Enquirer: 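I have a structure here, written as structure tokens, and I will follow up with some questions on it.
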Amino acid sequence: MCGRFAQVFDDQGLDRVETILRAMIRVGSDPFRGSYNVAPTQAAVVVEGGEGPGERPRRGSGARFGLVPSWSKGSEDGPLMFNARSETIREKASFRNLVRSRRCVVPVLGFYEWQGVVGEKRKRPWFLSRADGDPMMLGGVCDTWVGSDGSELDSFAIITKRPDSFVGTVHDRMPLILEREAIELWFDREAPDREIDVLLNADPVEGVVSGIRVGSRVSSVVHDDPGLIEESVEGDQGMLFG
DNA sequence: CCAGACGTTGTT
DNA sequence: GTCTGG
DNA sequence: CCAGACGTTGTT
DNA sequence: GTCTGG
């Protein structure tokens with residue numbers, strides 16, 4: 001789960017993201033260009049903590065959604081690792097080192113989930129975002145793969161966990177959502193494991209996420225426009241045998 | 001020591 | 001790269 | 001994550 | 001059904 005999200009902000013939203021993360025998303029002549037429909041293998045902006053304790057986060061950009069471990073033989077071998085389970089992230093070879101040294105934040109407008117409904121062929125897409133209207137900060141891990149020609153590929157995976165009671169009605173997993181107060185700790189590379197574990201293992205806070213049903217166009221990655229996050233119950237046949 | 005693996009979904 | 005298994 | 005495609009032989 | 005592409 002959490003295999004699709006919207007990462008696009010207006011000026012006010014960008015200001016808010018930069019305030020919360022204390023990081024630059026817009027850099028000089030390279031303005032932030034988002035997408036309403038980021039899928040695995042596509043690029044998105046991620047933000048990492050600074051190199052040393054107390055250093056400000058820096059901007060990340062062009063990271064591939066779908067982790068490519070630094071030790072991969074090729075950039076395309078292996079399955080798509082776009083999620084990492086919080087319950088097992090410290091055990092898995094692909095993630096256990098990254099959760100200590102390469103934690104990152106993915107600022108998004110919201111994420112999509114597809115709800116399976118008995119008797120319906122197509123799953124229903126939902127757009128889930130913060131009830132308070134703030135941008136949503138997703139916890140992730142990133143890595144850098146270096147090709148034989150020296151070219152670098154940054155990539156990331158989003159951490160998932162048990163859903164809160166609302167998201168649980170749509171899907172059985174949801175992304176790790178970091179509150180403002182947790183950001184500095186998340187970015188601190190010197191943070192003790194047990195403090196990070198608190199963030200990884202905390203029960204989701206009820207009421208943080210709200211959601212709307214959206215149209216089926218989001219299901220195809222070729223679509224990328226504001227209409228994707230507008231409420232829609234198109235094609236809902238209701239109770240056929242009610 | 002070397003060789004080999006290293007992952008998540010969802011669905012059944 | 002780093003850990004596990006033999 | 002979902003959508004969409006899904007092949008072989010031999011020969012050039 | 002299973003794999004690839006975005």
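Chain naming here is simple, since letters A, B, ... match the order of the sequence lines and numbering starts at 1 in each. Heavy-atom basis, side chains included; hydrogens, waters and symmetry copies ignored. The structure displayed is predicted, hence computed values, not measured ones.
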Enquirer: Could you pull out all residues at least two apart from A:Glu206 that satisfy side chain to side chain donor-acceptor pair (under 3.5 Å)?
Expert: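 Result, side chain to side chain donor-acceptor pair (under 3.5 Å) vs A:Glu206: A:Ser165.
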
Enquirer: What does D:dG7 pair with, Watson-Crick or G-U, if both distances are under 3.5 Å?
Expert: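 Checking every strand shown, D:dG7 finds no partner, since no pair has both distances under 3.5 Å.
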
Enquirer: Tell me whether the OP1 or OP2 atom of B:dA5 has a side-chain N or O from A:Lys92 closer than 4.0 Å.
Expert: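 For A:Lys92, the contact criterion (side-chain N or O under 4.0 Å from OP1 or OP2 of B:dA5) is not met.
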
Enquirer: Please classify the nucleic acid contact of A:Thr160 as base, sugar-phosphate, or nothing, using heavy-atom distances under 4.0 Å.
Expert: sugar-phosphate

Enquirer: Could you please name the partner base of E:dG6, counting Watson-Crick and G-U wobble pairs only when both distances are under 3.5 Å?
Expert: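 D:dC1 - that is the nucleotide pairing with E:dG6, both distances being under 3.5 Å.
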
Enquirer: Is there a donor in the side chain of A:Ser219 and an acceptor in the side chain of A:Trp114, or the other way round, less than 3.5 Å apart?
Expert: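 Result is yes, a qualifying pair exists.
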
Enquirer: What's the closest nucleotide to the side chain of A:Trp71 if the choices are B:dC6, D:dC1, D:dA3?
Expert: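 Minimum distance to the A:Trp71 side chain belongs to B:dC6.
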
Enquirer: Of all nucleotides in DNA chain C that come within under 4.0 Å of a heavy atom of chain A, which is furthest toward the 5' end and which toward the 3' end?
Expert: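 Taking any atom under 4.0 Å from a heavy atom of chain A, the span is C:dG1 to C:dC3.
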
Enquirer: What is the nucleic acid contact for A:Tyr112, judged by heavy atoms within less than 4.0 Å: base, sugar-phosphate only, or nothing?
Expert: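 Nothing, no heavy atom under 4.0 Å.
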
Enquirer: Should A:Arg162 and A:Asp203 count as an ion pair when the cut-off is N to O under 4.0 Å?
Expert: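 Yes, A:Arg162 and A:Asp203 are salt-bridged.
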
Enquirer: Tell me, please, which residues at least two apart from A:Val209 pass side chain to side chain contact (heavy atoms under 4.5 Å, CB included).
Expert: A:Leu128, A:Met136, A:Asp164, A:Val167, A:Ile177

Enquirer: Compare the minimum distances between each of B:dT11, B:dT9, B:dC6 and the side chain of A:Ala93, then state the nucleotide with the smallest one.
Expert: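 Of all the options, the side chain of A:Ala93 is nearest to B:dC6.
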
